[in-house]
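Below, chains carry the letters A, B, ... as their sequence lines are ordered, and counting in each starts from 1.
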Protein chains: 2
Amino acid sequence: MDKVRVIEIKKSIYADNNARAELLRGELKEKGVFLLNLMSSPGSGKTTLLRSVIPMLQKNKLRVGVMEADIDSDVDARAVAETGAKSIQLHTGGMCHLDAEMTRQGLDALRTDDIDLAVLENVGNLVCPAEFDTGASVSAMILSVPEGDDKPLKYPLMFTVCDVFLINKIDVMPYFDFDMEKCRRNILMRNPNAVIIPICARTGEGVDVFAKWLQDRVAAWKKA
Amino acid sequence: MDKVRVIEIKKSIYADNNARAELLRGELKEKGVFLLNLMSSPGSGKTTLLRSVIPMLQKNKLRVGVMEADIDSDVDARAVAETGAKSIQLHTGGMCHLDAEMTRQGLDALRTDDIDLAVLENVGNLVCPAEFDTGASVSAMILSVPEGDDKPLKYPLMFTVCDVFLINKIDVMPYFDFDMEKCRRNILMRNPNAVIIPICARTGEGVDVFAKWLQDRVAAWKKA
């Protein structure tokens with residue numbers, strides 16, 4: 001099998017997925033459920049961020065539900081459930097990403113009738129999740145300081161498709177060779193409209209800025 | 001297109017790839033070229049490790065060539081070339097992994113007639129690269145301390161298919177909630193034969209242990 005043939009198969013998956021994602025997005029709009037797709041490398045701090053930001057959102061009367069996607073284990077769903085948010089674990093059966101149909105299955109299992117904001121914590125991976133529209137209202141990614149400021153150069157699509165970029169683990173910046181300004185420039189080169197928020201999910205630093213940004217996006221989306 | 005159909009396509013890719021990988025492994029054995037497949041998350045330190053270990057290998061008369069795979073940019077190939085090792089950059093055209101055919105194309109471009117050890121630095125990704133046999137003699141993965149000790153629970157296949165595991169960035173252990181013994185247990189649960197070597201690629205700590213392990217494997221393979 002040559003490479004061209006593989007690419008053709010992938011293209012047909014994408015076209016089909018895009019149509020399903022648009023359909024799901026429309027249905028969620030009708031139900032008043034805002035969907036956030038959260039992506040990053042393994043271990044960048046997706047679950048820690050959720051544990052930090054959910055109480056802030058709950059204080060502002062936002063009802064949050066979380067779908068934790070992983071190939072195996074349920075450690076993340078259990079960790080998020082401690083916030084009081086509804087939380088389920090999705091096992092992807094070895095798949096490296098979530099597509100719109102898998103997201104729909106997750107939302108069905110989560111049940112969204114008592115939720116304003118549904119969060120999909122995608123599989124830790126900077127490549128494949130960027131290729132599949134999940135039907136989300138916005139997409140966020142975390143880049144953590146230990147990963148390096150050069151990641152936008154190497155994973156162009158991920159940095160193009162997201163709306164907001166959280167630079168996490170800024171508390172350990174003194175111990176790493178990470179240049180925040182260079183990182184900003186690299187992200188903006190891929191995505192001139194990028195919103196970039198430095199945070200420390202563990203201590204909560206900057207997480208309030210993200211909470212505010214997200215709440216504003218949800219409010220604007222409800223009015224639209 | 002339903003999920004089952006996607007899985008069938010993937011299976012046919014795998015079967016085909018396995019045959020190509022076996023063929024490539026046989027050809028490399030005949031030529032006396034040992035192939036190391038190096039995998040990790042984005043930013044775990046693959047390139048930094050290579051810059052640290054290659055001079056140690058060169059000192060022991062091993063002629064090293066490196067293929068740096070990325071979706072975009074050539075920063076890694078330029079960084080590795082500074083060691084004096086032959087180095088080329090492979091662009092994967094958006095692909096999330098290397099398969100045996102792509103590896104063969106890389107080896108053809110690298111030219112292996114003056115090389116004992118060829119290193120394939122795979123795309124930074126803990127999911128897809130584990131699914132494709134590249135034809136390598138051994139596979140290594142780096143898990144860095146900031147990623148967390150729970151990664152073997154979440155990415156089972158990667159921790160099953162590799163021969164050696166380098167726990168990198170041990171210099172920042174005091175600043176992270178990382179339990180080395182728990183990490184060892186999690187890896188050994190996936191892979192009872194795992195060789196686990198704590199290192200700091202940046203300072204060189206422990207890298208000599210990996211260099212020795214690799215040289216011993218090359219020597220044993222040459223005799224076999």
Side chain to side chain contact (heavy atoms under 4.5 Å, CB included) assessment of A/His97 paired with B/Val127: CA-CA 9 Å; A/His97 64 273; B/Val127 190; over 6 Å; no

A/Arg202 bridged to B/Asp177 by N-O distance under 4.0 Å: no

Sidechain-backbone polar pair: B/Tyr175 side chain, A/Asp171 backbone, donor-acceptor under 3.5 Å: no

Side-chain donor or acceptor of A/Lys169 paired with backbone N/O of B/Pro146 under 3.5 Å: yes

Name of the residue among A/Asp72, A/Val75, A/Ile71 meeting side-chain contact (heavy atoms from CB on, under 4.5 Å) with B/Lys154: A/Val75

Gap separating the CD atom of B/Glu131 from the CE atom of A/Met95, nearest 0.5 angstrom: 9.0 Å

Interchain contact, A/Lys151 with chain B, by part (heavy-atom threshold 4.5 Å): side chain

Chain A contacts, top residue of B/Gly43, B/Ser73, B/Pro42 (heavy-atom pairs, under 4.5 Å): B/Pro42

Heavy-atom pair count under 4.5 Å with chain B, highest-scoring of A/Asp150, A/Asp76, A/Leu126, A/Leu153: A/Leu153

